[in-house]
Asker: 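Okay, here's the structure, questions in a sec.
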Amino acid sequence: MFILGLISIIQICFLPGYLLLHLINDSKSKLQILAYSYFLSFLVNYTLACTLTFFSVYTSTVIYLLLFIELIFLAYILYKNKRSISTVDIQTSLLDWKKNSLISKICIGISILSICVFTFYIFKNLGTIFQHQDEIGSYNYWATQWIKNKMPSALDTMGYPVSASANWSLGYLILNNSQIQFFNKISMTFFPVATILLFIDIANKKFQPSYLISTIIFYLILRMYTPYFIGSGPLDVAVSCIIFAIFHSALELIKDPHNIRKITLLHLLAASAASLKQSGLFAAIIALVFTIILLFKSRTKVPNAKTYKAILISGLIFTFLSLFWYIRIQYLIYEGLATSESTYLIKGIHGSLNYTERFWKALDMLFGGNKIKEIVSLKFIAMGSIVFLNFVSLKKRLNRFVFLFFVFPYFFIWAFLFSYEPRTLAPIFPFLAINSGAGIFIILESILNLKNYFIPLTISYSLSSKRLFYVLLVLGVISAGLSFTTFSNDALIEKQVALQKKIMDSELNQKLYQYEELKGFSGKIASLYGILKFLPGLEKYYFHLRAPATYELINYLENREDIHYLLLSIDRQATMYNFSMTDKEALDLIEERLNEKKYELIFKHNNLGLIKIR
């Protein structure tokens, strides 16, 4: 099982993307190959899942066959190249380190520290499961629908893209088990690390150490606004990392605007972002507009036919990959077969706030919290410094482009429409970081009058085919040993199930399991506590309520013979989360039934009560 888990990680995070890069045949540094292979693998696997599901052949057997074909293709590539496999591409002599200034050495140290910090999150997530509401109730649940050889229901997805769930389903099919989640969760932890590699790659190519210091700023921004989502299932951080890869690819395209390979790569990355989350579609649109403007600005240097061919390729990838899911959902909505949560996220979730009030709430969200005194806060100082450095960075043309073309418009779209949580601003976090790094170095240059302060420093180690064989052999032996001991099938499943029993409100879950063990549930439990659906052994009792409990609803549930329990809010003072509220008339009816001994209160937990009604 452990070996299959490692294979699932390789499939989700590297192999298909690497093979696609080889087919595109555009020369890249090894850092780019590592990062791009990761981001593109999500797109390839998603496309694969859609295609196989369409033909009703999305099964473990077919996936194993495709894995075998991929490995043959990989072996052919390695045999064709007939050269040592360099683990890292960027190589210079130790003399270059000595030539670097103290500031540059500090920046290099910071970038290494950033990699270590984000790598820590990988180890932190070892053996864990999905824990947040979005990943439990949406993305992972949809993954379990994929493995049944069908696309997730459009009514369930509510317009959200399903690339992540498709990739996780691939992991489950390789494992042939959907209870073991941690391999899929680990696959999400590499996003920030891959992004740091691209920061370093730009720094080396542009001789700009500011990108190195930006790596730690990127971490600090994520730590301030998305502390629970670094290396986890929710996709806001993940999509922000792919969007930065789009920017990285766009920088390459500027050098050769009519290069079909580079254009194809740019829009494949954009499609990967769009298929992951809605904010990725915004980036895909920006990428398309950017490509068209760039092509027309440079069209005098090449025949018109080449320009139109490049535009056609961009448009085709955008239409059939970036827009595929959104077109499908809109068609299903038109047919009355689907719904979208967009209206709720734009309007309903904000309550009665008008656009001005939303904007001020968004600013408070960014600058408030972590109080030092009544007025000044840590976030205020940190974000104020970032904003100041971003304005300083406008001195440079590239940073002006980043700020005006992406950061500025996306911030206002977020502030007026999607500012219900700071994590939804994540797509611009990498760009705030690179502009902040540039701002720091503009200030340093003006103070210290720095010149020629950076020579790219990297480390490389060439691994021959023979040595690679021995390394793989040792890893194989270790993996085999682990698979039969700590990570045996039974041990893995037992640990994962034990963790799943504690998701969300572990104390409430424990009380439910205790009752099940002592007396056993005699029928279904009607509740708005949706996590009940995902608790191992209790999911069979769950009856989902889609609306707050009303008098009419209680009477309806009384008349259903399969409903034996209610798990509802019974606290008249409860104000948190309208979806868990029970209205006054319903509470009166419940209290009346309890006094008449027709209902029995099993236990109370916070504002929730488990009530037996028959």
Asker: Give the minimum heavy-atom separation between His267 and Ile317, together with the two atoms involved.
Answerer: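 Residues His267 and Ile317, closest heavy atoms: O-CG2, 3.5 Å.
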Asker: Applying side-chain contact (heavy atoms from CB on, under 4.5 Å), can you list everything that pairs with Ile434, at least two apart in sequence or on another chain?
Answerer: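 side-chain contact (heavy atoms from CB on, under 4.5 Å) check on Ile434 returns Phe199, Tyr211, Ser214, Phe244, Phe247, Val402, Phe431.
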Asker: Please give me the minimum heavy-atom distance between Ile115 and Thr119, naming the atom from each residue.
Answerer: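 Looks like O-OG1, 2.6 Å.
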Asker: Before you tell me yes or no, could you show the steps for Tyr64 and Asn176 under side-chain hydrogen bond (donor to acceptor under 3.5 Å, both in side chains), namely the whole-Å CA-CA distance, both residues' side-chain angles and the distance that decides it to 0.1 Å?
Answerer: CA-CA 11 Å; Tyr64 292 149; Asn176 208 15; 5.3 Å; no
Asker: Would you indicate whether the side-chain heavy atoms of Phe130 and Gln500 approach each other to under 4.5 Å?
Answerer: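 Result no, sub-4.5 Å side-chain heavy-atom pair not found.
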Asker: Under the side chain to side chain contact (heavy atoms under 4.5 Å, CB included) test against Tyr58, which residue among Ile63, Leu48, Thr51 passes?
Answerer: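 Among the candidates, only Ile63 passes.
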Asker: Hey, can you tell me if Tyr219 and Phe118 have their rings parallel, tilted or perpendicular (30° and 60° cut-offs)?
Answerer: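 Correct class here is perpendicular.
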Asker: To the nearest 0.5 angstrom, please state how far the NZ atom of Lys30 sits from the CG atom of Asp201.
Answerer: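 Result: 12.0 Å between the selected atoms.
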Asker: Under a 3.5 Å distance rule, please check whether Gln330 uses its side chain to pair with a backbone N or O of Arg328 as donor and acceptor.
Answerer: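 Not a single qualifying donor-acceptor pair exists.
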Asker: Taking the side chain from Arg423 and the backbone from Thr226, do they hold a donor-acceptor pair closer than 3.5 Å?
Answerer: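 Answer holds: no.
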Asker: Does any non-hydrogen side-chain atom of Tyr410 lie less than 4.5 Å from one of Ile286?
Answerer: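 A side-chain contact under 4.5 Å is absent here.
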Asker: Do we see a donor-acceptor contact under 3.5 Å between the side chains of Thr53 and Trp146?
Answerer: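 Not at all, the side chains of Thr53 and Trp146 share no donor-acceptor pair under 3.5 Å.
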Asker: A side-chain contact here means heavy atoms from C-beta on lying under 4.5 Å apart; do Pro16 and Gln11 qualify?
Answerer: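 The answer is yes; the side chains approach within 4.5 Å.
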Asker: Could you give me the CA-CA distance, side-chain angles and deciding distance for Phe282 and Val239, then say whether side-chain contact (heavy atoms from CB on, under 4.5 Å) is met?
Answerer: CA-CA 11 Å; Phe282 172 79; Val239 76; over 6 Å; no
Asker: Counting distance only, does the side-chain N/O of Ser60 pair as donor-acceptor with the main-chain N or O of Leu173 below 3.5 Å?
Answerer: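 Yes.
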Asker: side-chain contact (heavy atoms from CB on, under 4.5 Å), that's the test. Do Phe290 and Ile254 meet it? Break it down for me.
Answerer: CA-CA 10 Å; Phe290 167 78; Ile254 291 174; 3.7 Å; yes
Asker: In Å, rounded to the nearest 0.5 Å, how long is the span from CG of Leu316 to OG1 of Thr264?
Answerer: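 Answer rounded to 0.5 Å: 10.0 Å.
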Asker: Specify the closest pair of heavy atoms between Gly315 and Leu288, including all atoms of both residues, with the distance to one decimal.
Answerer: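 Residues Gly315 and Leu288, closest heavy atoms: N-CD1, 4.2 Å.
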Asker: Over all heavy atoms of both residues, which pair between Ile329 and Ala338 is shortest? Give the atoms and the distance, please.
Answerer: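 Closest heavy-atom pair between Ile329 and Ala338: O-CB, 4.4 Å.
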Asker: Would you say the side-chain atoms of Trp325 pair up with the backbone N or O of Tyr160, donor to acceptor, closer than 3.5 Å?
Answerer: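 Yes, Trp325 side chain to Tyr160 backbone: donor-acceptor pair under 3.5 Å.
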Asker: Spell out, as yes or no, whether a donor-acceptor pair under 3.5 Å connects the side chain of Asn167 to the backbone of Phe42.
Answerer: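 Yes, because the side chain of Asn167 sits within donor-acceptor range (under 3.5 Å) of the backbone of Phe42.
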Asker: Can you classify the ring geometry of Phe191 versus Tyr38 as parallel (below 30°), tilted (30 to 60°) or perpendicular (above 60°)?
Answerer: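 Rings of Phe191 and Tyr38: tilted, 30 to 60°.
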Asker: Yes or no on side-chain contact (heavy atoms from CB on, under 4.5 Å) for Phe418 and Ile346, after CA distance, side-chain angles and deciding distance?
Answerer: CA-CA 6 Å; Phe418 301 107; Ile346 293 173; 3.7 Å; yes
Asker: Nearest 0.5 Å please: distance from the CZ atom of Phe429 over to the CG atom of Leu222.
Answerer: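 The CZ atom of Phe429 sits 7.0 Å away from the CG atom of Leu222.
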Asker: At their closest point, which heavy atom of Ile122 faces which heavy atom of Thr189, and how far apart are they?
Answerer: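 Closest approach of Ile122 to Thr189: CG1-OG1, 3.3 Å.
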Asker: Check whether any side-chain heavy atom of Tyr513 sits under 4.5 Å from a side-chain heavy atom of Leu535, and report yes or no.
Answerer: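 The answer is yes; the side chains approach within 4.5 Å.
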Asker: List the steps and the verdict of side-chain contact (heavy atoms from CB on, under 4.5 Å) for Trp414 and Ser279.
Answerer: CA-CA 10 Å; Trp414 171 79; Ser279 53; over 6 Å; no
Asker: Which residues pass the side-chain contact (heavy atoms from CB on, under 4.5 Å) test with Phe68, not counting sequence neighbours?
Answerer: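 If we apply the side-chain contact (heavy atoms from CB on, under 4.5 Å) test to Phe68, skipping adjacent residues, the hits are Ile72.
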Asker: Measure the CD-CD1 distance between Glu539 and Ile531 for me, rounded to the nearest 0.5 Å.
Answerer: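 Atom-to-atom, Glu539:CD and Ile531:CD1 are 13.0 Å apart.
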Asker: Say whether, by atom type as modelled, one donor and one acceptor occur between the side chain of Ser138 and the main chain of Glu135 under 3.5 angstrom.
Answerer: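 Checked: no pair found.
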Asker: Calculate, to the nearest 0.5 Å, the distance between atoms NZ and CG belonging to Lys501 and Leu538 respectively.
Answerer: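 The distance works out to 8.0 Å.
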